[in-house]
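To start, the structure under review is shown below, and the notes come after it.
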Amino acid sequence: MKKLLAVAALAATLPLSQVAMADQDIGCGLGTMIFDGKSGKVFKVLGATTNGTSGNQTFGITFGTLGCDGNGTISSSEKLALFIDGNMDNLARDIAKGEGETLATLSEVWGVQEADKATFNTLAQENFAEVFKSENVTSQEVFANLNNLVAQNDALAGYAI
């Protein structure tokens, strides 16, 4: 325990904000530093657990230490695909109607501004067959199809991911 505290204290004082050490799976923090270079599920779980405990990841992001950078951008494509995956039936129903709670939540998660939500809803509704190309369409395909439509729309192109 003393060793862990010593490493944490040392790591907190080092200027590591310029170091890109964050692991893609477990993020940044003390766990990423301790288990750097290790591979396998056990080390990923240990690193993620260490990063998520005691607020060290939050501390690192806030102060730019522990291999963290508070200036990064969160990629929302995976978040959107997960939302779509968990709500496929309700989303299909709402897109067919052009309104509904699930479609409203999707536009919110997507980051669509209030002024553009009606355009987003109409675009999705008018292109339902393009978004849901088959009964077996996957959430990734639904996301890709919607994203392509958004990218091609002059009013919504800024929301393309």
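Here the structure is a predicted model, which is why all the values come from computation and not from measurement.
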Quiz item: In Å, rounded to the nearest 0.5 Å, how long is the span from NZ of Lys97 to CG of Leu103?
Solution: 9.5 Å
Exercise. Output the distance between atom OG1 (Thr119) and atom CG (Asp154), rounded to the nearest 0.5 Å.
Key: 11.5 Å
Quiz prompt | Ring center gap for Trp110 and Phe83 short of 6.0 angstrom | solution = no
Quiz prompt | Pair Leu106-Phe120, side chain to side chain contact (heavy atoms under 4.5 Å, CB included): steps then yes or no | solution = CA-CA 10 Å; Leu106 176 66; Phe120 181 83; 4.2 Å; yes
Practice problem: List the atom of Ala81, the atom of Gln140, and the distance in Å for their closest heavy-atom pair. | Solution: CB-NE2, 3.6 Å
Quiz item: Does any non-hydrogen side-chain atom of Phe143 lie less than 4.5 Å from one of Asp85?
Solution: no
Quiz item: What's the spacing between Leu80 CG and Asn147 CG if we round to 0.5 Å?
Solution: 8.5 Å
Practice problem: Starting at CD of Glu101, measure out to CD of Glu108 and round the result to the nearest 0.5 Å. | Solution: 12.0 Å
Exercise. For Ala157 and Ala151, work out which heavy atoms get closest and say how close.
Key: CB-O, 3.6 Å
Quiz prompt | Test item: Gln113 and Tyr159 side chains (from C-beta on) under 4.5 Å apart, heavy atoms | solution = yes
Quiz item: Checking side-chain contact (heavy atoms from CB on, under 4.5 Å) against Val131, which of Ile84, Leu91, Leu149 comes through?
Solution: Leu149
Practice problem: Apply side chain to side chain contact (heavy atoms under 4.5 Å, CB included) to the pair Val137 and Met88, showing each step before the final yes or no. | Solution: CA-CA 9 Å; Val137 69; Met88 285 279 276; 3.9 Å; yes
Exercise. Compare all side-chain heavy atoms of Glu99 with those of Asp94 and state whether any distance is below 4.5 angstrom.
Key: no
Exercise. Measure from the side-chain N and O atoms of Asp116 to the backbone N and O of Val112, and report whether any donor-acceptor pair falls under 3.5 Å.
Key: no
Exercise. Would you name the heavy atoms of Asn87 and Thr102 that are closest together and state the gap between them?
Key: CB-CG2, 3.7 Å
Quiz item: So how far is it from Asn127 CG to Asn145 CG, rounded to the nearest 0.5 Å?
Solution: 10.0 Å
Quiz item: Could you give the distance from OG (Ser107) to CG (Leu146), rounded to the nearest 0.5 Å?
Solution: 11.0 Å
